[in-house]
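These notes are about the structure you will find just below.
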Amino acid sequence: MAKKRTHSTGPFREKAILVGVSVRSEGDYWALDDSLAELSELARAAGANPIDRVTQTMNKPSRTYIGKGKIEELQHKVKHTDVDVVIFDDELSPTQQKLLEDKLGVKVIDRTALIIDVFAQRARSREGRLQIELAQTEYLLPRLAGQWSHLERLGGGVGTRGPGETQIETDRRLVRRKLSRVKKDIAQVASQRHQQRLQRTGGDAKIVSLVGYTNAGKSALFNTITSSGVIERNQLFSTLDTTTRRLYLPSGTSATLSDTVGFVHKLPPILVAAFRATLEEALEADLLIQVVDISSPYAAEQAQVVTDQLTDMGIQDTPRILVLNKLDLVAGSAEEPLSLSVLDQVDVSQFSRVVTTSATKGWGLVDLRNAIEAQVGVIQVEEET
Ligand SMILES: Nc1nc2c(ncn2[C@@H]2O[C@H](COP(=O)(O)OP(=O)(O)OP(=O)(O)O)[C@@H](O)[C@H]2O)c(=O)[nH]1
Ligand SMILES: [Mg+2]
């Protein structure tokens, strides 16, 4: 008699093998193992269960991204374990992805698809959903060319919550039409948000924006400092929407403070572009507060990623305060005094001030307010002269 499938109690999690490649010529400051540790978290966030890793160091990725020997190693692993998906830590070209799928006989997705998938699961607001739809559609378009396997992937599971599950999506023309509609809708929502801010603040309040790596504690800081209730969670990409509140400063003046979407290593440019409207508060900010989780072993790398991404967005010259958050998790003792080693690795000259905080314990908030106040004051003086 055939074995009856029992209902599992937990959600079904696809088994995944992670693949990381270190390209010698690229000299990434992010170690391969660290990048894969993060990929593993992203995979879990998307609903997969990473069970194995394959790595390779090469001079230049090949047509199949990895070398022949590595493909054989993967084929062997796929054959001998019940793996559902192979996840690459970099963006694959549509051709590489297709070739790899043919050779491995399982679904192959890349870091971009994975991050888009995590975003898709988190998107709640209309603006968030529209922006993720834009990213998904942009990602899908070059992968459409008769590649049915890609479309079938839109059915469910990791990297698969597609822009729409209908077959209509197969038509490039329709996809393009959809792209322009989504872009129009996003523009409309963004303009409404802009209007609302002007109405709320009269347009003259200084804009202060929290930026930082995902899970650094931006929302936690935002909540304590403005007494708000933005979701703060120990997970990647809790926040996808911008929330803005008035921030009262010690001298009685006020500014607006915005909580924004977090950054991540190798954040797909497609997503940055799609989330441009959400990032508007950061783009237009008079002052950026860059939050770093100092308890993370990758604090310095994460700070660098954020600096690089701000540079890509063209806002590297906006005045910036460095906030070293989660101090409570690293606080030293008499025997072992606190060492903020991250400060040795970060170019602090980019920042006008450095403040240490613990958002959950409420430490350093007065310092932070004072730093904001002083900085906003400087901006105002500069504008008057
Ligand atoms: N111990 C400790 N935990 C903190 C601190 N600040 C934030 N956290 C926790 O860290 C996790 C992430 O915090 P969030 O505020 O959601 O982080 P975020 O930067 O907004 O993250 P994204 O929205 O995902 O980009 C949550 O579990 C917070 O409770 C802190 O100072 N100390
Ligand atoms: Mg957040």
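Quick note: residue numbers are just sequence positions, from 1. Each ligand, and each atom within it, is numbered from 1 in the order the structure gives.
Given atom 25 (O) of ligand 1, the protein heavy atom at minimum distance is Lys218 NZ, 2.9 Å. Protein heavy atom in closest approach to atom 31 (O) of ligand 1: Ala359 N, 2.8 Å. Ranking protein heavy atoms by distance to atom 17 (O) of ligand 1, first place goes to Gly217 N, 3.1 Å. Summary of contacts: the protein heavy atom closest to atom 29 (O) of ligand 1 is Glu232 OE1, 3.6 Å. Regarding atom 27 (O) of ligand 1, its nearest protein heavy-atom neighbour is Asn234 N, 3.2 Å. Atom 2 (C) of ligand 1 has as its closest protein heavy atom Thr360 OG1, 3.2 Å. Scanning the protein heavy atoms around atom 32 (N) of ligand 1, the nearest turns out to be Asp328 OD1, 2.7 Å.
If you number the atoms of ligand 1 from 1 as listed, the ones under 4.0 Å from a heavy atom of Ala220 come out as 6 (N), 7 (C), 15 (O).
A donor-acceptor contact under 3.5 angstrom links the side chains of Ser62 and Thr64, judged on distance only. Looking at Thr243 and Asp259, their side chains never bring a donor and an acceptor atom within 3.5 Å of each other.
Counting heavy atoms of neighbouring residues, nucleotides and ligands inside a 6.0 Å radius, atom NZ of Lys266 exceeds 12 of them.
Residue contact check for ligand 1: Ala216 places a non-hydrogen atom closer than 4.0 Å to it.
For a distance bound of 2.8 Å, the N, O or S atoms of Asn215 include none lying that close to the Mg ion (ligand 2).
When heavy-atom distances to ligand 1 are checked against a 4.0 Å cut-off, Asn215 comes that close through both its backbone and its side chain.
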